S.K.: 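Quick one: this structure, given as structure tokens, is what I'll be asking you about.
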2 protein chains.
Amino acid sequence: MRVRDLDLDAVTTVEHDDDAYLGEINDIVGFHIRLAHGACYRHFTETFVELELTQKQVSVMWLVADHPGISQIDLGQKLRMDRATTMTIVNRLQARHYLRREKSPTDGRKQALYLQPAGEAVLNEAKKAIREHENWVKSRFSDAEVKTLMELLARIHE
Amino acid sequence: MRVRDLDLDAVTTVEHDDDAYLGEINDIVGFHIRLAHGACYRHFTETFVELELTQKQVSVMWLVADHPGISQIDLGQKLRMDRATTMTIVNRLQARHYLRREKSPTDGRKQALYLQPAGEAVLNEAKKAIREHENWVKSRFSDAEVKTLMELLARIHE
DNA sequence: TGAGATTGTATGCAATACTAACGAATAGGC
DNA sequence: GCCTATTCGTTAGTATTGCATACAATCTCA
């Protein structure tokens, strides 16, 4: 818990932290999901500031590495992104020569995606940074709690 | 689990669903937080399409209702938003006459925020919609699981 | 073969989030 | 009380994500 906004305003008193003041909204599950996501997102961004990669970009490179030749539509479905959003992310990664498009031999409508050597190198760096980031998330949980958390979260997005 | 991308590509076989194909990235806690957040976000958007409100906008109105006269900086700290982001959201809500700014009597640098009557009316509608949305989230959990999930999430963002 | 569905692409729009800078107001040390 | 540093609101600019829409190429299936 960080130190913040104590004794700043007559509306509040000094001996509680933020959460004591939130009110009803504190009971909303979605609210906590959003805050947790935001905290995660910010830490991720700090961890990846040197690599200049976002969560989405890393996810895409990671999936392309594990599924060479995957199409944009399949990629989007795995990450729950629509075609247009997938396009912009792939475009950026292609512009940085991290991956390439290639016409699918089995389906002329599809583009098969492959990592470029530069992309593989960056992904390896990214995986190291991910490990740091994961440790930051997991540091507050026991192994059993991590397992529980992931199971509960999976039930929401599956 | 929705039906999707079966028999679409030679890379995959047909008897598994998406998660079986994700690979290593499936073990990353942050990945599941992001997916769960995305699922939540999309359902929220669908639920609030008629009210034309986003999660942030509802959160801000809700907090202003529970903390009349709150300053923008305090609001931002409770929702983990910086000053600039808070500004744009308050601007939009003010333009729609849902809340108003008033110079703080105790600190000339601050603006005190108050809900307008229109904002109160909309917030009441929003709370009904939130109840629907919450039921959608909670429908897959027992009460104990909801409690566990919220405690674990709170540890991330606190 | 032909109609309908799928995929990639392009364009535009909205919301979120951050940085940097500036002025007004406050707070704290002296 | 005064001066300096800090805080708060504001504006402007940039990047990312997400969605809708439209179009062309391709595939599927009746």
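Remember, it's a predicted structure, so these values are computed and weren't measured experimentally. Note on naming: letters A, B, ... go to the chains in the order of the sequence lines (proteins, then strands), and numbering restarts at 1 for each one.
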S.K.: Is any side-chain heavy atom of Thr148(A) closer than 4.5 Å to a side-chain heavy atom of Leu149(B)?
M.R.: no

S.K.: Grab the CD1-P distance between Ile89(A) and dA10(C) for me, whole Å please.
M.R.: 16 Å

S.K.: To the nearest Å, how far apart are Asn91(B) CG and dA14(C) P?
M.R.: 16 Å

S.K.: Please compare Met87(B) and Pro105(A) by the position of their nearest nucleotide in DNA chain D and report the one closer to 5'.
M.R.: Met87(B)

S.K.: Quickly work out the Leu99(A) CG to dG8(C) C1' distance and round it to whole Å.
M.R.: 15 Å

S.K.: Could you tell me whether Glu145(B) and Arg140(B) make a salt bridge, using a distance below 4.0 angstrom between a side-chain N and a carboxylate O?
M.R.: no

S.K.: From the options dC19(D), dT10(D), dT16(C), select the nucleotide whose nearest atom is closest to the side chain of Gln72(B).
M.R.: dT10(D)

S.K.: Picking from dC19(D), dT17(D), dT7(C), which would you name as closest to the side chain of Arg42(B)?
M.R.: dC19(D)

S.K.: Taking the side chain of Thr54(B) as its heavy atoms from C-beta onward, which of dT19(C), dT16(D), dA15(C) lies nearest to it?
M.R.: dA15(C)

S.K.: Are the charged groups of Lys128(B) and Glu125(B) less than 4.0 angstrom apart, N to O?
M.R.: yes

S.K.: What is the separation between atom NE2 on His37(A) and atom P on dT16(C), rounded to the nearest whole Å?
M.R.: 13 Å

S.K.: Just the rounded figure in Å: distance from C1' of dC18(C) to CD of Glu52(A).
M.R.: 14 Å

S.K.: To the side chain of Arg109(A), which of dC27(D), dC19(D), dA24(C) is closest?
M.R.: dC27(D)

S.K.: Please determine whether a side-chain nitrogen or oxygen atom of Arg101(A) lies at a distance below 4.0 Å from atom OP1 or OP2 of dT9(C).
M.R.: yes

S.K.: Does dT10(D) have OP1 or OP2 sitting under 4.0 Å from an N or O in the side chain of Gln111(B)?
M.R.: yes

S.K.: Please evaluate the base of dG9(D) for a donor-acceptor partner in the side chain of Arg83(B) within a cut-off of under 3.5 Å?
M.R.: yes

S.K.: Of the nucleotides dA20(D), dA15(C), dT19(C), which one has an atom closest to the side chain of Ala84(B)?
M.R.: dT19(C)

S.K.: Would you mind reading off the distance between Gln57(A) atom CD and dG18(D) atom P, rounded to a whole angstrom?
M.R.: 12 Å

S.K.: Run the salt-bridge test on Glu151(A) and Lys147(A) with the 4.0 Å N-O cut-off and return the result as yes or no.
M.R.: yes

S.K.: For a quick test of reading the model: is some side-chain N or O of Lys56(A) closer than 4.0 Å to OP1 or OP2 of dG18(D)?
M.R.: yes

S.K.: If the threshold is 4.0 Å, N to carboxylate O, is there a salt bridge linking Arg100(B) and Glu102(B)?
M.R.: yes

S.K.: In whole Å, what is the span from the CD atom of Glu46(A) to the C1' atom of dT19(C)?
M.R.: 14 Å

S.K.: Can you identify which nucleotide, out of dG9(D), dA15(C), dG18(D), has its nearest atom closest to the Ile73(B) side chain?
M.R.: dG9(D)

S.K.: Using a heavy-atom cut-off of 4.0 Å across all strands, would you classify Thr85(B) as base, sugar-phosphate, or nothing?
M.R.: base

S.K.: Atom NZ of Lys103(A) to atom C1' of dT6(C): distance rounded to whole Å?
M.R.: 14 Å

